[in-house]
Amino acid sequence: MRLYNTINRKKEEFIPLNEGLVNMYVCGPTTYNLIHIGNARPMIVFDAFRRYLLSINYKVNFIQNYTDVDDKIINKSKEEGIGPLELAAKYIGEYRKDAQSLRVQEATFHPKVSENIPQIVAFVAALIDKGLAYEVEGDVYFDVKNYKPYGKLSGKNIEDLKAGARVEIGEKKHSPLDFALWKAAKAGEISWDSPWGQGRPGWHIECSTMSMEYTNSPTLDIHGGGQDLIFPHHENEVAQSEGYTDKTFVNYWMHNGFITVNKEKMSKSLGNFFLVRDILEKFPGEVIRYFILSTHYRNPIDFNDQALVESEKSLSKLMNIYKLLQVKISEKQDGLKAGSEDLPGALAQIEMNIEKALQDDFNTALAISYFFDGGKLITKAVNSGEYTLASLEKAYFLYDKYLNQILGVLPYEELAGEENVNEENDLGLAIDILLKVRALARSEKNYQYGDLIRNELNNMGIEIVDTKEGSLWKRK
RNA sequence: GGCGACGUCGCCAAGUUGGCUAAGGCAAAGGUCUGCAAAACCUUUAUUCCCCGGUUCGAAUCCGGGCGUCGCCUCCA
């Protein structure tokens, strides 16, 4: 498998440190509010990637942190009038709800900052001992000038960074590039004991500490996150980790592209974000997953309602094939012209193509496209009877393996779907009566009345779908 | 200013370590089915890949120049 490695800016053959095992770490949320669709991208991408690794027989030790100690959490907790850890626990719960709706599986470990303070303190103390960090009035900073390779991940050089750096008044650090490993607590803030007094960890240190803690190794196979984390977050992780261990911190850096709105980056600070919670009101989680996975993970995606509507249409096309396969397989027999089928060769080719796409820097967009090609072949074979039961089972195996188990986009239920047919409320009962009347009118070939009912309901946003078994309705 | 990404059909999008007729989806058009629709299914839809020049037997893919869009350099997925 080839992966694009941010640090070397090219695709490289993926070889994990230990054969058959992948240690991967993905930056998790700072839990102080509900997540937006931009946050959902890495969740979905790396969830699917992890499932793919599992499918090719790797054991995956997948670590995602919850940042539950942070300035933003402290500020928000004052607003909401509850303790910071309580607030974080609340939003961890909300995060997990969204993750579940998006079919994102639980990580192997979800370490919290608040539960790893002793390890962090030890890490920081070790950096001071090595001359890579210094203490000022209870704060501890990483000393960038003593760490020569600084900038190697993000491709920046120290001089340029210094030239462009902002210098805040009253800063205690020696150089604007130095970053906080430990922050002295202000009065009344949540804090822990340390050799430097009461305080709490800086932002970057948690990932370094916890990734080593939960892999038991100085080196991760894969570290993932959004592109905006490359600098300074991941750069700083590299500096402190490699400064501490003198070993490569991460072998493969994977960074996902942004979600934009009107071509502008979606971010909390710009205020142009859409909450996952709100989008889920209008679209199933699988549609959101499809939307994300139908573009290569490193490219930007522009978010808008139209794009999700299109995703839903595409996905429903795949769903039709999935359902068709289920129905035909349940008949438990070969097609009438089973002898002339050419499905087995075609399916084998498709499977090869899918694997090739996923092996090449996890190209889910390309992999998905083969299911549309496959769908055409399958419906054609089913319509002409040129199929064997075994071929349909093979096809179903492929659809289920890749679209359900790995990508997690099938099966899905339309939010306002056919389950409304039996809606037990006044409106549902009234519509059922209208449908009975319409069926009666149509049976007497009184299409004028039948169409009137259909048109009027349609104007109300109720769509009638006629099938051989009768008429169904759903909200549009 | 420094670093980086991108520009492919009306829209979305793969291909970009050079080479079979430039994937796939949406939309559109035609058709099958249907009382008519809808849905579903079938068919069609880029001699051309932002522009100009170069390398090559051969370039969307490599090189040079230009235009345009976006991101990081400050909390951020």
Side-chain angles (χ1 to χ4, degrees), chain A residues 2 6 9-11 26-30 32 35-46 70-72 75 151 154-157 159-166 168 176-177 203 224-233 235 255-260 262-270 273 290-291 294-296 298-302 304 306-307 309-318 320-321 323-324 353 357 360 363-376 379-380 382-383 442-443 445-448 450-451 454-455 458 463-468 471-472 474 476:
Chain A
R2 295 166 63 76
T6 307
R9 296 178 210 294
K10 61 177 191 226
K11 289 183 198 172
V26 174
C27 287
T30 300
Y32 68 105
I35 59 168
H36 60 66
I37 181 75
N39 303 117
R41 189 170 188 187
M43 292 165 65
I44 291 168
V45 164
F46 292 109
D70 169 89
D71 285 345
K72 293 187 288 286
N75 293 337
S154 56
K156 299 179 186 305
N157 71 65
E159 293 313 309
D160 288 344
L161 286 168
K162 274 186 190 158
R166 292 183 184 185
E168 303 285 337
L177 299 186
W203 175 37
Q227 276 171 359
D228 52 350
L229 295 180
I230 295 172
F231 190 90
H233 186 52
E235 190 68 61
H255 290 99
N256 62 270
F258 295 127
I259 291 187
T260 59
N262 298 323
K263 304 287 177 193
E264 274 198 329
K265 180 183 163 185
M266 178 184 300
S267 74
K268 286 174 184 168
S269 49
L270 287 173
F273 59 87
Y290 182 90
F291 168 69
S294 59
T295 296
H296 185 87
R298 283 190 286 114
N299 289 152
I301 315 181
D302 203 54
N304 53 68
Q306 187 52 38
V309 169
E310 280 185 20
S311 290
E312 181 154 32
K313 284 182 181 165
S314 304
L315 188 56
S316 94
K317 197 166 184 169
L318 295 174
N320 285 335
I321 298 160
K323 282 194 284 199
L324 173 68
N353 287 340
D360 184 12
N363 193 336
T364 53
L366 185 57
I368 287 171
S369 76
Y370 295 124
F371 286 96
F372 291 99
D373 294 335
K376 272 181 199 156
T379 47
K380 205 170 257 179
V382 167
N383 289 338
R442 292 177 72 217
S443 72
K445 299 212 186 297
N446 188 339
Y447 297 119
Q448 198 187 345
D451 290 352
R454 181 171 67 195
N455 292 338
N458 197 51
E463 188 178 333
I464 303 297
V465 182
D466 291 334
T467 72
K468 280 174 191 155
S471 300
L472 302 172
K474 61 182 180 182
K476 285 197 290 189

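Every chain is numbered from 1, with letters handed out A, B, ... down the list of sequences.
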Taking the six-membered ring for Trp, are A:Y290 and A:F372 parallel (under 30°), tilted (30 to 60°) or perpendicular (over 60°)?
-> perpendicular
Using a heavy-atom cut-off of under 4.0 Å over every strand shown, decide if A:F231 touches base, sugar-phosphate, or nothing.
-> sugar-phosphate
Considering only atom P, compute the distance from B:rC63 to B:rU16 and round it to an integer number of Å.
-> 14 Å
Report yes if a side-chain nitrogen or oxygen of A:S154 is closer than 4.0 Å to either non-bridging phosphate oxygen (OP1 or OP2) of B:rG4; otherwise report no.
-> no
hbond_proxy A:R9 side chain to B:rG4 base (donor-acceptor, 3.5 Å cutoff) | no
A:K156 side chain N/O closer than 4.0 Å to the phosphate oxygens (OP1, OP2) of B:rG4?
-> no
Would you mind classifying the nucleic acid contact of A:R298 as base, sugar-phosphate or nothing, using non-hydrogen atoms under 4.0 angstrom?
-> nothing
Whole-Å C1' distance, B:rU56 and B:rG64 = 16 Å
Closest non-hydrogen contact found for A:R9 with A:G155 is NH2-CA, 3.3 Å
Per-nucleotide protein contact string for nucleotides 11-18 of chain B, where B marks a base within reach and S marks sugar-phosphate only (heavy atoms under 4.0 Å, - for neither) = --SSS-B-
Expressed in angstrom and rounded to an integer, what is the separation of A:F291 atom CZ from B:rC26 atom P?
-> 16 Å
Hey, could you give me the NZ/NZ distance between A:K317 and A:K376, rounded to the nearest 0.5 Å?
-> 6.0 Å
For A:N157, answer base if it contacts any base atom (sugar-phosphate contacts may also be present), sugar-phosphate if it contacts only those atoms, and nothing otherwise; contact means non-hydrogen atoms under 4.0 Å.
-> nothing
Smallest separation among heavy atoms of A:A307 and A:D302, with atom names | CB-O, 4.2 Å
Touch check for A:N320, heavy atoms < 4.0 angstrom, all strands: base, sugar-phosphate only, or nothing?
-> sugar-phosphate
Is A:F372 stacked on the base of B:rG24, with ring centres under 5.5 Å apart and planes under 30° apart?
-> no
Taking N or O atoms only and anything under 3.5 Å, show me the protein contacts with nucleotides 75-77 of chain B, one pair per line.
from, atom 1, to, atom 2, distance (Å)
B:rC75, O2', A:K72, NZ, 2.5
B:rC76, OP1, A:W203, NE1, 3.3
B:rC76, O2, A:K265, NZ, 3.4
B:rC76, N3, A:K265, NZ, 3.2
B:rA77, OP1, A:N39, ND2, 3.3
B:rA77, O5', A:N39, ND2, 3.0
B:rA77, O2', A:G226, N, 2.2
B:rA77, N6, A:M266, O, 2.4
B:rA77, N1, A:I259, N, 2.9
B:rA77, N3, A:G38, O, 2.9

Quick one: list whatever passes ring pair (Phe, Tyr, Trp, His ring centres under 6.0 Å) with A:F273, sequence neighbours left out.
-> A:H36
Distance-only donor-acceptor test, A:R454 side-chain atoms vs B:rA37 base atoms, 3.5 Å = yes
Give the minimum heavy-atom separation between A:I321 and A:G375, together with the two atoms involved.
-> CD1-CA, 3.3 Å
Which pair of heavy atoms, one from A:N256 and one from A:P42, lies closest together, and at what distance?
-> OD1-CB, 3.3 Å
